[in-house]
Visitor: 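Attaching a single structure in structure tokens format; questions to follow.
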Amino acid sequence: MKLAFIIDDYLPHSTRVGAKMFHELACEFTAQGHSVTVITPDIAQSNTLIKESLDNVSIWRFKSGEIKDVGKVKRAINETLLSFHAWRAISKEVTQESFDAVVYYSPSIFFGPLVKKIKQRCKCSAYLVLRDLFPQWAIDAGMIRSGSMIEKYFRYFEHISYKQADMIGLMSERNVEVFKAKNVQYPLQVLRNWASLVPHSSKNRKSYREDLNLQGKVIYFYGGNIGHAQDMTNLMRLAKNMQSYENAHFLFVGQGDEVELINQLSQEWQLSNFSYLSSVDQDEFKQLLSEVDVGLFSLASHHTAHNFPGKLLGYMVESLPILGSVNQGNDLMPLVNESNAGFIHVNGDDAALLASAVALCADSKRREEVGKSAYKLLSAEFSVQAAVTTILSEIN
């Protein structure tokens with residue numbers, strides 16, 4: 001099959017988990033004999049369209065305004081224009097024979113018009129990989145007022161995006177339930193997050209532990225988006241509560257709206273057990289994962305959706321025990337806890353989170369045992385091959 005993949009961020013320039021996952025998906029489709037063309041924005045280029053390739057995946061980059069790590073108004077305007085800029089760039093390249101199906105990723109919610117254009121011209125089906133229930137999470141967080149014109153604006157584009165999908169893949173059974181309660185007219189199924197099962201192989205670079213002077217430490221690592229949806233204060237409280245454990249260190253790597261907040265809290269609380277690094281490329285990120293001891297994550301307690309953060313898959317690939325917090329009722333908690341793949345608690349139960357962190361700090365054999373279970377869970381439930389099979393069953 002000839003497939004169009006659409007996403008708002010892609011490798012090799014992106015450091016985000018979604019870009020990494022989508023590339024792994026594209027590579028697996030390619031390995032199975034399909035042809036993949038990724039359509040994605042690029043803010044740095046001057047040409048309307050640039051064609052290139054990465055790991056046998058074709059990439060069409062269209063010129064776009066900034067949509068990451070910029071002010072909310074500017075981001076909203078530039079994201080609204082994504083489909084316009086994309087179609088202007090690629091319309092002359094797309095014929096009726098160009099694509100047999102479209103696979104598009106959300107966030108962003110603004111690719112609906114582009115998907116519609118491609119479907120009409122190519123007479124093909126479309127599959128939406130829905131990983132983020134925006135604007136719902138922003139309403140839950142109090143960032144957008146329910147019933148406001150801003151909500152209606154985002155809902156309009158959200159529903160345009162959903163309407164183009166012949167199938168929508170959500171990351172968990174609970175998310176399907178939540179979605180059905182509000183959007184019953186759309187076809188839904190569970191499409192779990194995915195990852196390649198191959199751990200990182202070090203290329204003889206100098207050690208991050210040495211660079212950061214963390215030899216002998218148990219490193220609690222958070223990598224990825226540092227934003228409101230994650231409730232980073234939750235993890236910073238854990239670092240604060242672990243200060244008396246001299247061999248424990250917290251390393252956060254990423255970008256987002258709450259970077260300033262975590263650095264401010266680190267100074268305010270005088271944390272000697274905390275380090276922050278800005279985003280690194282995917283190879284460096286994998287190197288980091290291969291050197292740390294525990295994979296951290298957090299989801300804000302007010303979420304009504306039940307996310308499975310993609311960063312957990314990177315942890316599991318490297319056989320790291322998972323430690324984190326979720327919103328009440330999130331089905332990620334029993335899945336990980338019952339598989340002995342980590343320790344997940346309801347956000348706000350600081351005592352339980354601390355107790356699990358201390359237990360992992362004190363026992364290297366337990367960290368190894370739980371990490372091995374995390375890899376087994378990845379292999380059983382979250383392989384990229386399984387994701388390809390699920391999507392193909394709908395678009396063939």
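Because only heavy atoms are used, hydrogens play no part in the values below, and waters and symmetry mates are left out as well, while side chains stay in.
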Visitor: Between side-chain atoms of residues 231-243 and protein atoms elsewhere (two or more places apart, or another chain), which donor-acceptor pairs fall under 3.5 Å?
Guide:
unit_1	atom_1	unit_2	atom_2	d
D231	OD2	N347	ND2	3.1
N234	OD1	R237	NH2	3.3
N234	ND2	S298	OG	3.0
N234	ND2	S325	OG	3.2
R237	NE	D350	OD2	2.7
R237	NH2	D350	OD1	3.2
N241	ND2	R237	O	3.2

Visitor: Scan side-chain atoms only and decide if E284 and Y208 contain a donor-acceptor pair under the 3.5 Å cut-off.
Guide: yes
Visitor: Would Y162 and Y186 satisfy ring pair (Phe, Tyr, Trp, His ring centres under 6.0 Å), going step by step from the backbone distance to the final call?
Guide: CA-CA 7 Å; Y162 296 165; Y186 299 112; 5.5 Å; yes
Visitor: What's the spacing between I262 CD1 and Y276 OH if we round to 0.5 Å?
Guide: 6.0 Å
Visitor: Could you pull out all residues at least two apart from E246 that satisfy side chain to side chain donor-acceptor pair (under 3.5 Å)?
Guide: none
Visitor: For residues 252-272, which residue pairs qualify under ring pair (Phe, Tyr, Trp, His ring centres under 6.0 Å), counting only residues two or more places apart or in two chains?
Guide: Y222-F252, F252-F274
Visitor: Indicate, with yes or no, if the rings of F285 and F221 have centres closer together than 6.0 Å.
Guide: yes
Visitor: In terms of side-chain geometry, is the basic nitrogen of R121 or E97 positioned less than 4.0 Å from the acidic oxygen of its partner?
Guide: no
Visitor: May I ask you to decide whether R75 forms a salt bridge with E66, counting only side-chain N to carboxylate O separations under 4.0 Å?
Guide: no
Visitor: Between R209 and D293, does any side-chain N to carboxylate O distance fall below 4.0 Å?
Guide: yes
Visitor: Would you check if C27 and V57 make a side-chain contact, meaning some heavy-atom pair closer than 4.5 Å?
Guide: yes
Visitor: Looking only at the side chains, is there a donor atom on one of Q32 and E28 sitting less than 3.5 Å from an acceptor on the other?
Guide: yes
Visitor: Is there a donor-acceptor contact under 3.5 Å linking the side chains of Q189 and E394?
Guide: yes
Visitor: If we count only N and O atoms by modelled type, under 3.5 Å, do the side chains of D283 and Q287 hold a donor and an acceptor together?
Guide: no
Visitor: Verify whether one side chain among N225 and Q255 offers a donor that lies under 3.5 Å from an acceptor in the other.
Guide: no
Visitor: Keeping the roles fixed (side chain from S83, backbone from F110), state whether a donor-acceptor pair exists under 3.5 Å.
Guide: yes
Visitor: Charged N to carboxylate O below 4.0 Å: is that the case for E151 and R145?
Guide: no
Visitor: Parallel, tilted or perpendicular for Y10 and H23, by the 30°/60° rule?
Guide: perpendicular
Visitor: Run through I344, L323, V358, V346 and flag the one making a side-chain contact (heavy atoms from CB on, under 4.5 Å) with L353.
Guide: L323
Visitor: State yes or no: are the ring centers of F22 and F5 separated by less than 6.0 Å?
Guide: yes
Visitor: What I want to find out is whether E369 reaches R366 closely enough, with some N-O distance under 4.0 Å, to be called a salt bridge.
Guide: no
Visitor: Run the salt-bridge test on R174 and E177 with the 4.0 Å N-O cut-off and return the result as yes or no.
Guide: yes
Visitor: Report the distance from atom CZ of R192 to atom OG of S172, rounding to the nearest 0.5 Å.
Guide: 7.5 Å
